[in-house]
Each structure stands twice: as structure tokens, then as C-alpha cells.
Q: 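Sharing a structure below in C-alpha cells format, with a few things to ask.
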Amino acid sequence: MKVAITSTGNSPDSNVDPRFGRCAYFVIYDLEIGSTEFVPNPNKNASSGAGPASVKIVADKGVKKIVSGEFGIKIKSILDSLEIQMIVVKDHKKKVSDIIEMLNH
Amino acid sequence: MSPRRKRTRKIFGPPAIKGLKPSCRGGGITKNEPVFLFLEEYESIKLCDYDLLNHNEASEVMGVSRPTFSRIYSAARQKVALAFVEVREIVVEGGKVYYDSAWFICNSCGCDFNHHNLEMNPDNCPLCGSNDISNVTSKEICEVGKCVCTKCGEEFEFEQGLNCNKLKCPICGHDICRRQ
């Protein structure tokens, strides 16, 4: 199963991005093979519609869970219809590597 | 004539904030009564001033009419102003709300997560795998339905459609009113 984590940078030491639609990078982590892929977000500076466009990027990768700090209201219904689970991390100081470690519980 | 029933307002999920405490001039803790900011009022401030929606769009998100949304929003602003001016604590709780999917909180890592299968509850946190999770969807709904005795301060459950102004406190016999 694949999990998307929003990241502020392109290394595992970057912090989790508190925003989903306009995060800098998506980290696509595969739980079965343990691979990570960093996908830059083209909607980083979009003025509107960043959320649905970002959902499309991660949904095309076959992601079933998204870990982020905050989800906008426009994407809630899209994620529900795609049955993608939202995980809200309130501690924004957490690193991507910490999240991956927690996912491998 | 009894008033119309309140529509339940749809909100996105449980807010991360439980409340705000004022920092008083000269230090110390305020002894004033806290202001109860309902969950729908918190959501209205979030939709309008954080997500920058207009009232029409925001009312559709919450599943209420545009005038009702504006009333919720103005009530929210009045409560925030009240807390600022009278140095009162803000407590975010209560309100007639529902979440459109089940939300859970993990007590071990502190994350929130939703679950799509409403019939089956999850056993573990999807992030850290801990089974110390609690459902936030069911316990916070409809706390506005509380009445309080004007004399002894005892709280009672409020039944929908019941006029509590005509009821008496079962303990001391005084009038009771809705919790403000």
C-alpha cells in the first residue's frame, strides 16, 4: 500500500508540510517494498484549485493514505469518493523520516 | 409557537484547538467566565477568514442557508470580541454539528484520522499502529443541548423541541435556561 506524505523539502530530513494542496513535495512511500519517491508539486504557488490538482497527482500514483498537517475543504469530498484516508499530523516539527518510521510500526 | 428546529451543520473534522486562554496585563489568570465558541462558529471563522470563502460558498460547505451562515459567523465574531474585551477564556466546544465521516484521534501519537467504513471501527492508528484510539465524532455532538439552572448552576441534558424556560430545576426548583 502506498502512502503520500507532504514534505517541505526533497530529503527525508525535511519537515512535514502543514498544507496539502500547496506543499513543496509529495513523498510517495510504498509500505510493501519500502521505497520512497519525491514528487515536486507543480501547484505550489497556484492561486486557486491547488487541492483538487494535487489530489489528482497522488491518486494517479495509487495512494491510499495521505499524511499532512491540514486538508482544504474542497478536497474532502474528492478524497471520500476515492476512499483515500486522511491522517492529520498536528505536530508540524515532525520529519518525513519520523513519519516513515511510525508507518513501519 | 415553538421555534423551528435547528439544522445540523456539517463540519470538516474536529478542530485541533480546544480553547484559548488570555494573557492578562500584569500577569495572573482571569477569573471571568469562559466564552463557549461552538464548533460551527469555529468552522465559520475557518471557512471565511482562513480558507477565504465568501458566505455563499461557505454556507454550501456547511449545509445551511446563506443567511443562517451569516448569523453563525456574526455570533462567532461577537463571542471572539467578547473574549477579547472582557478578558475571557475561549472554549471551543458544543454546537449542533456533525462530521461527514467518522474521525478518530490516536492518543499515542496525537494524530487525527478519518475512516470511510462507518459500520466498522478501526482497531489501530494507521500512523503508529497503537490501539489507544478514541472516536471524536460521537462524543462532541450536540453539547449545545445543555440547560443550566440559574441558581445552583447544575447542568441538564436538553431535549430537542422542549422549551426549557418553563421547566424547573429538579434540585432547587428554580428556573433553568439554555447555557449561553
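No experiment lies behind these values; they were computed from the predicted model shown. Every chain is numbered from 1, with letters handed out A, B, ... down the list of sequences. Just so you know, these numbers use all the heavy atoms, side chains as well, and skip hydrogens, waters and symmetry mates.
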Q: Which heavy atom of B:C111 sits nearest a heavy atom of A:I87, and at what distance?
A: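 Of all heavy-atom pairs spanning B:C111 and A:I87, the closest is SG-CG2, 3.9 Å.
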Q: Are A:I78 and A:V88 connected in the hydrophobic side-chain network, where two residues link if heavy atoms are under 4.5 Å apart?
A: yes
Q: Please check if the number of heavy atoms outside A:K44 that lie under 6.0 Å from its NZ is greater than 12.
A: no
Q: Look up atom CD in A:Q85 and atom CZ in B:F104, then write down how far apart they are to the nearest 0.5 Å.
A: 9.5 Å
Q: Using non-hydrogen atoms and a 4.5 Å limit, figure out which bit of B:C125 sits close to chain A: side chain, backbone, both or neither.
A: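 Contact with chain A: backbone only.
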Q: So do B:F113 and A:M86 actually touch side chain to side chain, heavy atoms under 4.5 Å?
A: no
Q: In terms of heavy-atom proximity below 4.5 Å to chain A, should B:L47 be classed as side chain, backbone, both, or neither?
A: side chain
Q: Let me know if A:E101 has heavy atoms under 4.5 Å from chain B in its side chain, its backbone, both or neither.
A: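 Contact with chain B is absent: no heavy atom of A:E101 under 4.5 Å.
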Q: Hey, which of A:I84, A:D80, A:V89 has the most heavy atom pairs under 4.5 Å with chain B?
A: A:D80
Q: Report, as yes or no, whether the 6.0 Å neighbourhood of atom CZ on A:R22 holds more than 12 heavy atoms from other residues, nucleotides or ligands.
A: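 Correct, the count exceeds 12.
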Q: Counting only non-hydrogen atoms closer than 4.5 Å, does B:N114 touch chain A with its backbone (N, CA, C, O), its side chain (CB onward), both, or neither?
A: both
Q: What is the minimum heavy-atom distance between B:C109 and A:M102, and which atoms define it?
A: CB-CE, 3.3 Å
